[in-house]
Amino acid sequence: MSDGSALQQIPRIVSPRKLAHSGTSIEGVLSSSNLEALNEVAQCDGEISVSLRFFIGEEGKRQVGGNISANLAYQCQRCLETMPAKPIEVSLAIAVVRSEEEAKQLPRALDPWVVLEEEADVYALIEEELLLASPVVSYHDYECVDSSLMSSGEPAKEDVQEEKHNPFSVLSSLKQNK
């Protein structure tokens, strides 16, 4: 928005098919507090910026295009400390479909958004896209944990010697005494 006005809050519930027919665009921000699943894996530094464009694409498919951007900080899986926030950018190429069967027939370039009813939760779509763009495992680029504290997974030599001790050896000595 070039006039310097603050971005509006993105509506949670929309009618994606109606918006596609009218060629509506939605731009605004979203607070990460509305995205519970995302908050379980990342901390958002600031608001999530969203730009969605609903339109009728090739072959008459109702589509959603646009961008989602956020600064997300993840927990390091080695030291369990929070890492510095990194920008996450997601470009959308989504088709609004009514069923899984319809979703299977989409071209590879389009991801499905299965909307069974007339209205749908846009926050769920945004959250899912950010989760898909998140790293599977996150860790610092440097050695954040002292490697001498890590175990190789092999048992210590003491443990191996204890395993060789036979608890039934006492029985064999009793048998020899008879």
Side-chain angles (χ1 to χ4, degrees), residues 1-78 80-141:
M1 306 194 121
S2 59
D3 63 356
S5 63
L7 291 174
Q8 67 178 3
Q9 180 73 20
I10 295 289
R12 182 175 201 117
I13 305 296
V14 298
S15 299
R17 291 178 186 89
K18 287 181 183 178
L19 293 175
H21 282 288
S22 63
T24 303
S25 292
I26 299 174
E27 289 187 32
V29 293
L30 174 63
S31 171
S32 66
S33 63
N34 295 311
L35 308 177
E36 293 175 20
L38 182 65
N39 288 327
E40 290 179 18
V41 298
Q43 295 175 358
C44 186
D45 183 17
E47 294 178 317
I48 299 165
S49 221
V50 180
S51 174
L52 302 176
R53 185 172 63 94
F54 295 82
F55 61 98
I56 304 290
E58 295 176 19
E59 301 175 18
K61 297 193 184 317
R62 295 166 192 91
Q63 296 181 28
V64 182
N67 298 303
I68 304 168
S69 58
N71 286 323
L72 299 177
Y74 301 93
Q75 183 183 46
C76 174
Q77 299 301 303
R78 290 181 184 149
L80 302 179
E81 295 294 323
T82 302
M83 298 175 17
K86 292 183 179 180
I88 301 289
E89 298 284 334
V90 179
S91 293
L92 302 177
I94 297 173
V96 181
V97 296
R98 292 190 187 274
S99 67
E100 291 293 330
E101 283 302 315
E102 210 176 317
K104 290 176 185 176
Q105 297 173 7
L106 289 175
R108 285 185 171 253
L110 293 174
D111 291 327
W113 182 18
V114 180
V115 179
L116 302 174
E117 304 295 325
E118 187 62 32
E119 295 181 331
D121 186 349
V122 173
Y123 289 12
L125 173 69
I126 294 167
E127 182 174 46
E128 184 177 308
E129 292 296 325
L130 286 171
L131 286 170
L132 288 170
S134 295
V136 175
V137 178
S138 40
Y139 49 87
H140 289 106
D141 294 338

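The basis for the numbers below is simple: all heavy atoms, side chains too, and nothing from hydrogens, waters or symmetry mates.
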Exercise for the section: Using side-chain hydrogen bond (donor to acceptor under 3.5 Å, both in side chains) as the criterion, list what pairs up with Thr24, not counting sequence neighbours. Expected result: Ser22
Handout entry: Audit row: Val97, Leu106, side-chain contact (heavy atoms from CB on, under 4.5 Å) steps and yes/no
Key = CA-CA 9 Å; Val97 296; Leu106 289 175; 4.0 Å; yes
Fill in the blank from the handout: Ala120 and Val115 have their tightest heavy-atom pair at CB-CG1, 3.7 Å
Handout entry: Short side-chain to backbone donor-acceptor contact, Ser31 and Ser33, under 3.5 Å
Key = yes
Exercise for the section: Give, for atom CD1 of Ile126 and atom CG of Leu92, the distance between the pair rounded to the nearest 0.5 Å. Expected result: 8.0 Å
Handout entry: Side chain proximity check, Val29 to Val50, heavy atoms < 4.5 angstrom
Key = no
Practice task
May I ask you to decide if Lys18's main-chain N or O and Arg62's side chain share a donor-acceptor pair within less than 3.5 Å?
Solution key: no
Fill in the blank from the handout: Value for CG (Leu52) from CD1 (Ile68), rounded to nearest 0.5 Å, stands at 6.5 Å
Handout entry: Minimum side-chain heavy-atom gap Pro107-Glu58 below 4.5 Å
Key = no
Exercise for the section: Scan residues 84-95 for pairs that pass side-chain hydrogen bond (donor to acceptor under 3.5 Å, both in side chains), counting only residues two or more places apart or in two chains. Expected result: Asn67-Ser91
Would you mind writing out the side-chain donor-acceptor pairs for residues 36-48 within the sub-3.5 Å range, not counting sequence neighbours?
residue	atom	partner	partner atom	Å
Asn39	ND2	Ser32	O	2.8
Asn39	ND2	Leu35	O	3.1

Exercise for the section: Kindly compute the distance separating CD1 (Ile10) from CG (Asn34), expressed to the nearest 0.5 Å. Expected result: 11.5 Å
Problem - Any pair counted as side-chain hydrogen bond (donor to acceptor under 3.5 Å, both in side chains), so long as it reaches residues 93-115, sequence neighbours left out - result: none
Exercise for the section: With the side chain counted from C-beta on, respond yes when Tyr74 and Ser134 share a heavy-atom pair under 4.5 Å apart, and no when they do not. Expected result: yes
Problem - Nearest non-hydrogen partners of Val14 and Phe54, listed with the distance - result: CG2-CZ, 4.5 Å
Handout entry: Any pair counted as side-chain hydrogen bond (donor to acceptor under 3.5 Å, both in side chains), so long as it reaches residues 117-132, sequence neighbours left out
Key = Gln9-Tyr123, Arg12-Asp121
Exercise for the section: Check the pair Ile56, Lys61 against side-chain contact (heavy atoms from CB on, under 4.5 Å), reporting the backbone distance first and the verdict last. Expected result: CA-CA 6 Å; Ile56 304 290; Lys61 297 193 184 317; over 6 Å; no
Completion exercise
So OG of Ser138 and CD of Gln77: to nearest 0.5 Å the spacing works out to 5.0 Å
Completion exercise
Here the pair of heavy atoms bringing Phe55 nearest to Gly65 is CE2-N, 3.8 Å
Problem - Residue list, side-chain hydrogen bond (donor to acceptor under 3.5 Å, both in side chains) with Ser69, at least two apart or on another chain - result: none
Problem - Candidate pair Gln63 and Ile94, rule side-chain contact (heavy atoms from CB on, under 4.5 Å), full reasoning - result: CA-CA 5 Å; Gln63 296 181 28; Ile94 297 173; over 6 Å; no
Handout entry: Other residues, nucleotides, ligands: >12 heavy atoms within 6.0 Å of Arg53 CZ
Key = no
